[in-house]
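Remarks on the structure that follows.
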Amino acid sequence: PGVPPPFISVSLTATLRLPQLRHACHCLLFAPLHVTSEVLNSITQGAKTYGIAKSFHALQEERRERAERSVLISCSPKVSEKKLLKFLSQHGNVSNCFFYQSYGVYAVVEFASKNSIVGLHESTSLPSMHHEVSVPFKSRLLTLKTNGSADQSGGSNSVEFHPQVAMPINELLQQLSAEESVDQQLSRLTSALQLTEENVSLRFLVCSLVKDVAAAFFPKCTVHPFGSSVNGFGKLGCDLDMFLDLDAASGNPKRKPSGFYLEYQMKREASERAVTQSVLSVVAESVEQFSPGCVGIQKILNARCPLVRFSHQPSGFQCDLTANNRVAMKSSELLYVFSSVDERVRGLVLAVRYWARVHGVTSSVAGAWISNFSLTALILFFLQTRGPPILPTVDQLRDLADQSDQCCVEGNDCTIVSDLSRIRLQTNTESLERLLQEFFEFYAAFPFNHMSINLRKGKEQNKPESTPLHIQNPFEATLNVSKNVNAAQLDRFVALCRESAWFLQQEAGSKPATVPTGGSAQAWGLAALFLPSLAQAAGVKGRRKKKREPASERVKSLLQSISTSHSSQ
Ligand code: GTP
Ligand code: MG
């Protein structure tokens, strides 16, 4: 007791879920942190491989509920996990706990019961102030203080910090170069970039903290993360998109009762958009005035989709809070389904997104370039066109849906199957390396000038308008998700695809014999693909196109062979 052995072996049943495993380990060893995230992630990945990934809603609801019984505690850097858990256990069982560093050390503590938070709040003191006065809003962001002789530190037993941001590019390139094949590099890249279980928990906790503020006005509201935080394609450090859902708060009985009934008196606005703007405006004020840790609040209410942007300092997340954004929530579910169908999907999306960011094809600010959402759509479409396809079409997902999946948002049919076990595709055995290579070849030769990308049908179609890039919105068929992209930006993308296809063909899959093993390896394969020199060779750095270099002749013949094989398919 007290000193857990370095390893335990656990025999798992197919239905064992992550929180249950953590709880079991906690009960057995009193040390939940000794179950490393790698072990847990490999178990969840394993579960997915065997086709038992949860439905989007079930997973979101489970995570939301866990966040509701969690607190975020700022601690001393030398904090002892054992002492902290012992101290907190007076309020109830702690089912999970992890630490991270971001402008200080924080512990995310999940209690087994929400009631524990009530007890914890009752025994929590107000901060002592000398020159200022505290705003009396009691949130679940707390500070661990010590009094008298008590000591937070655990001596030499320091806690494990879970990374919340991706490793610097130089370090990543070094790690990639030390791998033996491009396929191994791709798998290393995925595990280095993808969101960890802890990071996703922290995202749900931050949403839950923001919900507490909005709940002062709308007691039954919820705040859901959407976008890359939950769609399976998030990279450590990505922004946190939040959706303030008031529907539960403003629920309306379907039928008016006969006889007397009461109706609320309510303020009126001219449009749904105006209501969203006024709700977001008030919530933004409250977050700014009351919510500790939320800084830099900007109201961007005149955007196509009104939003409030702020930084949540304790987590380091850049947050975008929207309301009345149900289609985006549905798009996140669609992407989650795609990311769960086959593990190569996430690997390819993370690799291409990384490639696009390092070469300036995408950017963190909006503009005339391809957004991450559009780029993801391009990748998913490519996977739908493989033979046999790696991904189903959106229409196929709709056809697999049952009555409970029916969903209509603002007149658009957004129905897709939620039970992932119903999705069955013919086996495609292409390696991730091959898919990456083929992705570049596919878009190096794609007839963007007259064809449009259609994820509903999984087929290219004639372009309905003259924008350079046309990607039909899967849930709002008349909209083009990439209408912001101008011709120059599309050309950059195509040029880089061309150069990357050629480059990967030269690399041919495994580490060159000239690259030393171990030590500081020379960039090769994926690592070399991410170097800026590739973009320069493709002439995509500057605004003006560079004259083609000798390599381009070989690219040209490669392209010719690709277009011939495409037209004969
Ligand atoms: P990151 O770059 O990692 O943040 O990816 P992301 O998928 O979260 O993208 P972003 O934060 O820009 O947008 C969040 C979500 O809003 C996306 O996942 C989509 O669901 C939705 N979204 C973003 N851009 C568009 C668009 O142009 N059209 C539509 N229909 N939805 C979009
Ligand atoms: Mg995002």
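Quantities reported herein were computed from a predicted structural model and do not represent experimental measurements. Both counts, for ligands and for their atoms, begin at 1 and track the order of listing.
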Which protein heavy atom lies closest to atom 25 (C) of ligand 1, and at what distance to 0.1 Å? F373 CD2, 3.5 Å
List the closest protein heavy-atom neighbour of atom 15 (C) of ligand 1: residue, atom name, distance to the nearest 0.1 Å. F226 CE1, 3.6 Å
Between R434 and D183, is there a side-chain N and carboxylate O pair less than 4.0 Å apart? no
Is E465 salt-bridged to K483, going by a charged N under 4.0 Å from an acidic O? no
Specify which N/O/S atom of D241 comes nearest to the Mg ion (ligand 2), by atom name. OD2
Specify which N/O/S atom of D239 comes nearest to the Mg ion (ligand 2), by atom name. OD1
For S331, atoms of ligand 1 separated by under 4.0 Å from a heavy atom: 20 (O)
With a cut-off of 4.0 Å, which atoms of ligand 1 are near a heavy atom of D239? 4 (O), 11 (O)
Which is it for [X] and ligand 1 at heavy atoms under 4.0 Å: side chain, backbone, both or neither?
{"X": "F233", "answer": "neither"}
{"X": "C238", "answer": "side chain"}
{"X": "K330", "answer": "neither"}

Is there an N/O/S atom in D320 that lies less than 2.8 Å from the Mg ion (ligand 2)? no
How far apart are the closest heavy atoms of S332 and N231, and which atoms are they? O-CB, 3.6 Å
Under 4.5 Å between any side-chain heavy atoms of I423 and Q396, yes or no? no
Looking at F204, I'd like to know if the NZ or CZ of R66 sits under 6.0 Å from its six-membered ring centre while staying within 45 degrees of the ring's axis. no
Quick one: sort the F493 and F448 rings into parallel, tilted or perpendicular, breaks at 30° and 60°. perpendicular
Does the plane of the ring in F381 sit parallel, tilted or perpendicular to the ring in F442? Use 30° and 60° as the thresholds. tilted
